[in-house]
Amino acid sequence: MPELPEVETLVQELRPQVTGRRIDDVILHWPGCVATPSPRAFIRRMKGRIIREVRRRGKFLWFVLDHGAWLVHLKMTGRLFLLPMSEPDPHARADFVMDDGRILRFQDLRKFGRLYWVPDPEPFFRPLGPEPLDPRFRPEDLARQLAGRRGRLKALLLNQSVMAGIGNIYADEALWRAGLHPMRSAASLNGEEIRRLWKGIREALLAGLRHHGTTIQWYRRPEGSSGAHQRYLRVYGRAGRPCFRCGTPIVRQVLQGRSAYFCPVCQR
DNA sequence: CCCGGAACCTGAAGGC
DNA sequence: TGCCTTCAGGTTCCGG
């Protein structure tokens, strides 16, 4: 579910709540959520650690600890909640008891989400492409990331090694803003189109961030409220409804195994 | 390289 | 009411 704007919203809202706190206890309701190391070793590594910083890399939440790093990937339905006390929840997968008594809960209906403890996240993040909202990320960098790639734009935007953090919603939103068809080949773009794509990506992500993310169904902010960006989406989920630019009905098509929403007239 | 499809899971929603 | 199908914000693996 969550893409860059949703994960960034979580990071910004959790940061003032948990920075400097110690993790007193870890309870794994479903040990399968731990990707690495083993569940027992994960508990041993996490207990007693102090959270120094809360950061994001691509779609990963990144808790910098006094020893190593705790990473969380929410995949489709993962959530992180801060609760005043533990309460029964069939979808709770892991609880982190903080030194102020509050519970940082990892919840995940579909069980795709994963937790990681790593001594050093650098090798872990190495496969990821640049951060599209980094001020140092310029149109030339986008051109470099696309150079030599034979794929279609939609697939490349979803590829985390091309750029980190974009998912199905913001890929469609970025392509609509850029006026580019999802099945255009990257190799066919001229300089002006690359620039438009760069701008479309940034504006789509910044709009999502401004509204604290998109809640279609599962995504929630750490205190439980929804994002608001679903009210401002330009194409995603708008099949059959008029394009905001030209009035043509928006098309939904399955491309690369994912649903793609686009305007068949003004996206070329 | 690139693409499509399946797999990993558990619902919600819509058609009949 | 109940059964069946389809769809879902992500990622990875496998075969063509």
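Here is how names work: the chains are called A, B, and so on, in the same order as the sequence lines, proteins then strands, and each is numbered from 1. Source: prediction; values computed, not measured.
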Take atom CG of A:L255 and atom P of B:dG4, then tell me their distance rounded to the nearest Å.
8 Å

For B:dA6 versus C:dT5, give the span between their P atoms, rounded off to a whole number of Å.
15 Å

Applying side chain to side chain donor-acceptor pair (under 3.5 Å) between A:N168 and each of A:E3, A:Q256, A:E173, A:K154, report the one that passes.
A:K154

Need one value for A:T215: base, sugar-phosphate or nothing, where a base atom within 4.0 Å counts as base even if backbone is also close, heavy atoms only.
base

Taking any heavy-atom pair under 4.0 Å as a contact, classify A:G167: base, sugar-phosphate, or nothing.
sugar-phosphate

OP1 or OP2 of C:dG10 versus the side-chain N and O atoms of A:K59: is any pair under 4.0 Å?
yes

On a whole-Å scale, what distance lies between the P atoms belonging to C:dT1 and B:dT10?
26 Å

Ring geometry between A:Y116 and A:F124 (parallel below 30°, tilted from 30 to 60°, perpendicular above 60°)
perpendicular

Measure the distance from NZ on A:K75 to C1' on B:dC9 and round it to the nearest whole Å.
12 Å

Closest to the side chain of A:R110, out of C:dT11, B:dT10, B:dC3, is B:dT10

With a 4.0 Å cutoff (strictly under), does any side-chain N or O of A:T77 reach OP1 or OP2 of B:dT10?
no

Can you tell me how far P of B:dA12 sits from CE of A:M76, to the nearest Å?
15 Å

Whole-Å gap separating P (C:dA8) and CG (A:L233):
14 Å

Nucleotide opposite C:dG15 in a Watson-Crick or G-U pair, distances under 3.5 Å:
B:dC3

As a test of reading the structure: which of B:dG4, C:dC7, B:dT10 is closest to the side chain of A:K111, going by heavy atoms?
B:dT10

Heavy atoms from C-beta onward define the side chain here; which of B:dA12, C:dT11, C:dA8 lies closest to that of A:Q217?
B:dA12

Heavy atoms under 4.0 Å, any strand shown: does A:R258 hit a base, just sugar-phosphate, or nothing?
base

Taking the nucleotide of DNA chain B with the nearest heavy atom to each, does A:R149 or A:L109 sit closer to the 5' end?
A:R149

What residue among A:F106, A:F96, A:W62 forms ring pair (Phe, Tyr, Trp, His ring centres under 6.0 Å) with A:W70?
A:F96

Which nucleotide, B:dT10, C:dG10, C:dA8, lies nearest any side-chain atom of A:H91?
B:dT10

Decide yes or no for A:D25 and A:K47: does some side-chain heavy atom of the first lie under 4.5 Å from some side-chain heavy atom of the second?
yes

Mind calculating the distance between CD1 (A:I166) and P (C:dG10) to the nearest angstrom?
11 Å

DNA chain B nearest-nucleotide lookup for A:M183 and A:W30: closer to the 5′ end is A:M183

Just to be sure I understand the rule, does A:R93 reach a base, reach only the sugar-phosphate, or reach nothing, if contact means heavy atoms closer than 4.0 Å?
nothing

Checking all strands, does A:Y170 fall into the base, sugar-phosphate, or nothing category for heavy-atom contacts under 4.0 angstrom?
nothing

For residues A:W30 and A:H91, establish whether the separation of their ring centroids is below 6.0 Å.
no

Shortest side-chain distance from A:F112, nucleotide among C:dG10, B:dT10, B:dG4
C:dG10

Starting from the C-alpha separation in whole Å, work towards a yes-or-no answer on side-chain contact (heavy atoms from CB on, under 4.5 Å) for A:Y261 and A:R238.
CA-CA 7 Å; A:Y261 297 88; A:R238 298 193 65 250; 5.7 Å; no

Check the phosphate of C:dT11 against A:H73, side-chain N and O only, distance under 4.0 Å to OP1 or OP2. Yes or no?
yes

Atom CD of A:E6 to atom C1' of C:dG10: distance rounded to whole Å?
13 Å

Atom-pair distance (CD1 on A:I216; C1' on B:dG11), nearest Å:
16 Å

Atom-pair distance (CD on A:Q256; P on B:dG4), nearest Å:
5 Å

Could you check which of B:dC3, C:dA8, B:dC9 has an atom nearest any side-chain atom of A:R152?
B:dC3

When the ring planes of A:H229 and A:Y170 are compared, do they come out parallel, tilted or perpendicular, using 30° and 60° as the limits?
parallel

